[in-house]
Amino acid sequence: MLTTATNRALALPEIVFEILACLEAQAELCPQQIQASLRACSLVSRTWFFDANVFLYRAPFIRNGRGSETKVKALVRTLTTTNRGLYVRSLSRCKLELWEMFPSLDKLFEPCPRLSSISLCFRSGEKGHLMEPFETEAFRTLDPTIAQGMAHIQELDLTSVSINSIDKDDTTYADAALNCISACTRLHKLITTRADWSNIRSISKHLTDLSISFLAPPDLKTSVALAPSLVNLTSLHLHHAPQAIPAHDFSRVLAQYCRSLTKLDICPESITTQSLETLVLHNPGLVSIYLRNCPDVYTAAVLKHPPQNLEFFDMGTVDSQLILMALALCPKLTSTGKSAPRNNNTVEFWQSFLEKARQIQELHVERWSDFHSKDLFFNTVLPKLGPQLVRIWFGWRDLLGCDELEQVLTSCNRLQVLRAPVKGNGQNLVRCFKVVASRSRLREVRLFGDNVKFCDDDKRRMQRFLPVLCSFST
């Protein structure tokens, strides 16, 4: 009778929809696995077929590699097939790690009026996956249908990966990328790497999230012309491609115009200390700052005008006194990211850290040496910080044994997110999570390690104690 009732429940469209929605919610973490699962769900029954196809075609993901060209052609063929039109009209996000799709975007936009997010990836020089050179003019000019469709795009990801430092296709790629950017007049979020903006003409005035790695940044005159369109930025990630030209002129202009930033992610090649100090001064609402491989003077520049709402501040490896100063000057700081003391990494320093770390809720443990010693972490830092931690991340260098993992879980009774490298077997790992099953608040767990005997039965047992087991990789 129970089986019959379950089967009857799983045939109700409302329940099926909720199950598929939970599945789709994890697509950001493992898109290929989720798409495979949705495909399997579409084969269960007639009810599951109709609901699963809506989710399956809502956000297709095609990774670059062997067979990707065939998959792209199959997607284009599906889009133009009348009996699938009902499903593809719900498509809103599309990620294709293949720039060959660019000339065929008209076939994507015509049947998909709700498409608001698209990702294209340019890859060259990969062993076994060499791309054909761009010989067609379709990459240099926009078809009117493509231009009309791009005008509705709100999120655009133009990721470029190239092993060769000098690539003959880069010029054509840059033309295609700038054509896309100029056509997206309603763009809110832009992600682009190895960007050549030396010839950029315009950009969306609605842009709020910009993540860019420059190969050739715009000059001072072009930066000044673009700046009025970037005044609404709330999130700024300025990175630097290898052997690229520094973007100091561009960031200096942004520092004068931006007033609404809440997230900032920079490296020393993208901004000077003077521009950083100005940027922080003009944006007191910053809640997250990530300094990548920056000297101590960059941390000092931020702390000259410390944002009072700052919650996340990753300083990297810096002078120990700067870490203590950040904790003292930023009352809402809940995470120092991967910040580690370069000097004075002593028991006394960590005692001072614990006295000031009353608001810390997130801890990154890259290596035991960052905490003076492994014993100091488990005997002093973890007992003191554990009860207030919500998220804890362990680096891949030092594996956690089952006893150590159990100590982390029992000490951190408010823990919601755990990422850790582990050693041992699946049965012992199940035992660790079973200990805290009754009071666990965990909602995201990622475990990884070498030579871990972790079978499907162990994973199923662990999921009894965890709401979501996001991933386990060996």
Side-chain angles (χ1 to χ4, degrees), residues 190-193 195 197 207-220 222-224 226-242 244-342 364:
L190 172 62
I191 301 174
T192 179
T193 59
W197 278 20
L207 199 66
T208 59
D209 190 333
L210 175 62
S211 178
I212 186 167
S213 176
F214 277 120
L215 190 66
D219 57 23
L220 182 59
T222 307
S223 299
V224 172
L226 291 176
S229 299
L230 302 175
V231 295
N232 296 320
L233 284 180
T234 59
S235 180
L236 177 62
H237 300 250
L238 282 181
H239 302 154
H240 185 262
I245 303 172
H248 293 166
D249 287 340
F250 180 72
S251 59
R252 186 175 66 189
V253 173
L254 283 184
Q256 297 296 332
Y257 279 83
C258 292
R259 295 291 192 277
S260 306
L261 287 178
T262 58
K263 296 181 180 180
L264 180 63
D265 187 336
I266 52 109
C267 65
E269 293 83 3
S270 64
I271 192 170
T272 63
T273 54
Q274 292 81 3
S275 297
L276 176 60
E277 183 179 342
T278 304
L279 194 62
V280 174
L281 176 63
H282 290 169
N283 294 271
L286 280 165
V287 297
S288 173
I289 299 178
Y290 195 155
L291 304 180
R292 296 180 183 269
N293 304 315
C294 291
D296 292 4
V297 289
Y298 282 76
T299 300
V302 172
L303 295 179
K304 285 184 179 180
H305 309 283
Q308 295 304 293
N309 293 321
L310 194 63
E311 298 176 2
F312 177 90
F313 188 15
D314 192 324
M315 297 163 268
T317 303
V318 295
D319 186 278
S320 59
Q321 292 304 311
L322 289 174
I323 297 177
L324 298 179
M325 190 184 303
L327 290 172
L329 296 177
C330 304
K332 296 185 179 181
L333 195 63
T334 59
S335 174
T336 56
K338 299 178 183 178
S339 303
R342 182 188 302 108
H364 289 250

With side chain to side chain contact (heavy atoms under 4.5 Å, CB included) as the criterion, how do His364 and Ser339 come out once you've worked through the C-alpha distance, each side chain's angles and the decisive distance to 0.1 Å?
CA-CA 8 Å; His364 289 250; Ser339 303; over 6 Å; no
Taking the side chain as every heavy atom from C-beta outward, state whether [X] and [Y] have any atom pair closer than 4.5 Å.
X: Ile323; Y: Met315; result: yes
X: Ile212; Y: Leu190; result: no
X: Leu286; Y: Phe313; result: no
X: Pro331; Y: Gln308; result: yes
X: Asn232; Y: Leu207; result: no
X: Leu264; Y: Leu276; result: yes
X: Val287; Y: Pro307; result: no
X: Tyr257; Y: Leu230; result: no

Excluding sequence neighbours, so at least two apart, what forms ring pair (Phe, Tyr, Trp, His ring centres under 6.0 Å) with Phe214?
Trp197, Phe250
His305 meets the ring pair (Phe, Tyr, Trp, His ring centres under 6.0 Å) criterion, sequence neighbours left out, with none
Tell me, which pairs form a side chain to side chain donor-acceptor pair (under 3.5 Å) where one or both residues lie in residues 310-326, sequence neighbours left out?
Asp319-Asn343
[atom1] of [X] to [atom2] of [Y]: how many Å apart, nearest 0.5 Å?
X: Thr234; Y: Asp209; atom1: OG1; atom2: CG; value: 6.0 Å
X: Thr278; Y: Asn283; atom1: OG1; atom2: CG; value: 10.5 Å
X: Ser251; Y: Gln274; atom1: OG; atom2: CD; value: 10.5 Å
X: Thr336; Y: Leu322; atom1: OG1; atom2: CG; value: 12.5 Å
X: Phe312; Y: Cys330; atom1: CZ; atom2: SG; value: 13.0 Å
X: His282; Y: Ser260; atom1: NE2; atom2: OG; value: 12.5 Å

Ignoring hydrogens, what is the shortest heavy-atom contact between [X] and [Y]? Give both atom names and the distance.
X: Pro268; Y: Cys294; result: CD-SG, 3.5 Å
X: Ser335; Y: Gly337; result: OG-N, 3.1 Å
X: Thr192; Y: Ala195; result: OG1-CB, 3.9 Å

Pairs meeting criterion salt bridge (Lys or Arg N to Asp or Glu O under 4.0 Å) with involvement of residues 293-304, two or more places apart:
Glu277-Lys304, Asp296-Arg342
Salt bridge (Lys or Arg N to Asp or Glu O under 4.0 Å) pairs touching residues 248-260, sequence neighbours excluded, are Asp249-Arg252
Please identify each residue that fulfils side-chain hydrogen bond (donor to acceptor under 3.5 Å, both in side chains) with [X], with sequence neighbours left out.
X: Asn309; value: Lys332
X: Thr222; value: Asp219
X: Ser213; value: none
X: His240; value: none

Going by salt bridge (charged side-chain N to carboxylate O under 4.0 Å, His left out), name the residues that satisfy it together with Asp265, two or more places apart in sequence or in a different chain.
Arg292
Which residues share a side chain to side chain contact (heavy atoms under 4.5 Å, CB included) with Ser270, sequence neighbours left out:
Leu238, Ile266, Cys267
Run the side chain to side chain contact (heavy atoms under 4.5 Å, CB included) test against Ile245 and tell me which residues pass, sequence neighbours left out.
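Pro217.
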Any sub-3.5 Å donor-acceptor pair from Thr273's side-chain atoms to Ala301's backbone N or O?
no
Return yes if some donor-acceptor pair links the side-chain N/O of Tyr298 with the main-chain N/O of Ile271 below 3.5 Å, else return no.
yes
